[in-house]
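Order of the sequence lines sets the chain letters (A, B, ...), proteins ahead of strands, with each chain counted from 1. Only this structure's heavy atoms are used, side chains among them; waters, hydrogens and symmetry mates stay out.
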Number of protein chains: 2
Amino acid sequence: MNKTKVSIKDIAQKAGVSTALVSYVLNGKEKESRVGQEIATKVRQIAAELNYQPSHLAKSLRSGKTHTIGLVIADISNPFFANIARVVEDEAKRNGYTVIIGSSDENASKSRDLLEVLINRQVDGFIIVSSENSEDQIRSLNDRHIPFVLLDRYFPEIPTDFVSTDHYRASYDAATHLVKNQYKHIGMIAYDSQMFHMHERIRGYQDALRDNPINAHEHWLKRVKISAIDTGVKAAIDTMLATDQPVDALLFATYSLAVSGLKYINKLGVRVPDDLAIVSFGQAEVFELYHCPITYIKQPIGLLGQTAVELLVKKLTHKPTEPEQILMKAELIERASSKTHKTLIT
Amino acid sequence: MNKTKVSIKDIAQKAGVSTALVSYVLNGKEKESRVGQEIATKVRQIAAELNYQPSHLAKSLRSGKTHTIGLVIADISNPFFANIARVVEDEAKRNGYTVIIGSSDENASKSRDLLEVLINRQVDGFIIVSSENSEDQIRSLNDRHIPFVLLDRYFPEIPTDFVSTDHYRASYDAATHLVKNQYKHIGMIAYDSQMFHMHERIRGYQDALRDNPINAHEHWLKRVKISAIDTGVKAAIDTMLATDQPVDALLFATYSLAVSGLKYINKLGVRVPDDLAIVSFGQAEVFELYHCPITYIKQPIGLLGQTAVELLVKKLTHKPTEPEQILMKAELIERASSKTHKTLIT
DNA sequence: AGGATTCGCTTAATCGGTTAAGCAACGGCA
DNA sequence: TGCCGTTGCTTAACCGATTAAGCGAATCCT
């Protein structure tokens, strides 16, 4: 039938009016623009007949708004981020926005490139799960007045909007839970990272031990390079189990660390939780399927994502306000992997 | 400094030339357009000084090309699709394309909406993991000459480009593997779906049994509604274990079915593989972490995604050619869950 | 009746680029 | 000298919308 897409011009022609008139009608500006009833009806009808779909590009060019959100995450193939992405996608759609997702690989320079590409694409704003050493980029966005909301990770020294889990609290609660369940030698494997959320997770663990009080052994806390998880985790576990006070419980700071660690623990034949209790950040089916279901810290992914979108949309449509900073509570899902320690009778 | 984004006009002004000239220079058309050496250099320098970034929107509006690919998948939070998404994202970026991902939830009407939204956004083409009952949509894309490539799932009766796993072969091989390892009562849990790839997976299983030959019991093959996986899988497993010829091996047709099934098997206390051997489609860390690592069918996700992008880009840049239809071989990763059956001495 | 309003619509500029066509100046050639 | 071709640049149309401004004609008001 129609060779090409139908434009406002086609409608105007068929109705014998100007394109301006058509635009007014189709934007519901008939009242303000004093368009005649008959003509308005006619235009609308023709538009429907021709199945007119306005060009997003043209609209955007004119208005400077693309109704597109850039979502920057570390890696879409990590289930935590994939879930975030899903929630953000849905919530954005509900608000009339389209999402472009980019993976930064926890890499500041990739993240920078990504941001530039997306800025070029004229996204209206960003939702960012920032990676290490990206403070400059965030500051730069601030300086350029590009709207964005940080998700789950933030920089306390930079005044930005953010929505995040209360990592400190989550970690504190997890460690406390282990103490309550009679574990005495509680270790933690975290990333060797300057990211604030990681510091918070570590601080929560440390404070929980201090408050309970447990004298932490120097080898109980290990930081693993994000670039060499498997070897790092292996070494960490080896060390922790070989000290004079071997750990009887282990807190993993991320999903990836846990997966790597559990694999190795399996290989070693260490029994969970009898030899070693486990609690981990991140949620996934993995933890249900492990022969001994894993206790995990469930971050409020749905709420995080929704709130982030909500905040961003608010920034995009309203006047800029004070930065909103929201911390959400994680939930500790208690499973068998950290059940009350059976103190061995010696 | 600069209040607004710098446009070609700003450069033209600063250089004292027309915008056309600037456009020619910045597009490397100096030769064809006979632009003077000096002026060209000057323009380029000014562009660099002002950190000029051309407006994607304006370019797209004029050219009709957005250099954007729409990726339609069932659900980004499913690891299989997340991995696909990651590969497609990377490969597209390498080719200068941006990806917009949309989740269809295996739902034809959502998929239709998604396609329309993305068409409206003027994506240049699609990569689609189609969902049930979406043949019409695919045909419609064909009729409208919108370029697309089907990924992993295709409709044999519709002439389209596609890149897919050889589902039949993968399934045939998996079932044969179980036979070889001395299992006699091999069951399969699949989706109750009209999708061709699911039929192929089932057909592969059936043919493998027939060829070996094993007389399949009517209760060995169960189809589960995609909308009620957990209850369906539970019922299926219950039935399969309760027949006069209870299954001693089970092939799951998808990752989701396997996760659900393994949970239930765990709960039942059925031992893998002694009581029940397991093989599943889909790959994920889950399968490594299960107390008994799970044999799985590893689809060539990287290649699938790369090839799909490659094919699409070719269609977008070259003249339309004959539909290319590519089947790729999956790899059976053999783990403990399907190791050779110890025939019990009675 | 005649100036002021109101009504209903059109004109044209604009967003930021691309690109066919044209124009002036210059050099070469007969 | 006159014609032609080349060189180097500009003009202006175009992509598809939005929107301020303007312009006749009808209507109101006194």
Checklist line | A/Phe196 ring center within less than 6.0 Å of A/Phe155 ring center | finding: no

Margin query: Taking the ring of B/Phe126 and the ring of B/Phe148, is the distance between their centroids below 6.0 Å?
Written below: no

In whole angstrom, give the distance that lies between atom [atom1] of [X] and atom [atom2] of [N].
| X | N | atom1 | atom2 | answer |
| --- | --- | --- | --- | --- |
| A/Lys65 | D/dA17 | NZ | C1' | 17 Å |
| A/Leu50 | D/dG16 | CG | P | 14 Å |
| A/Glu30 | C/dC9 | CD | C1' | 14 Å |
| B/Gln53 | C/dC15 | CD | P | 19 Å |
| B/Lys59 | C/dC15 | NZ | P | 18 Å |
| A/Glu32 | D/dA20 | CD | C1' | 14 Å |
| A/Asp10 | D/dG16 | CG | P | 8 Å |
| A/Leu26 | D/dT18 | CG | C1' | 12 Å |

Next item on the list: Quick one: which residue pairs count as a side chain to side chain donor-acceptor pair (under 3.5 Å) with a foot in residues 34-46 of chain B, not counting sequence neighbours?
Entry: B/Glu30-B/Arg44, B/Gln45-B/Glu49

Note to self: Please verify the inter-ring angle class for A/His67 with A/His56; under 30° counts as parallel, over 60° as perpendicular, anything in between as tilted.
What the structure shows: perpendicular

Check: Using a cut-off of 4.0 Å on non-hydrogen atoms, how would the nucleic acid contact of B/Ser23 be classed: base, sugar-phosphate, or nothing?
Finding: base

Next item on the list: Using a 4.5 Å cut-off on heavy atoms from C-beta on, say whether the side chain of A/Leu311 contacts that of A/Ile326.
Entry: yes

Item checked: B/Asp90/B/Arg86 salt bridge by N-O under 4.0 Å criterion -> yes

Check: Would you say D/dT19 has OP1 or OP2 under 4.0 Å from some side-chain N or O of A/Lys29?
Finding: yes

Margin query: Can you build the contact string for nucleotides 5-15 of chain D? Use B for base contact, S for sugar-phosphate-only contact, and - for no protein heavy atom under 4.0 Å.
Written below: --BBBBB--BB

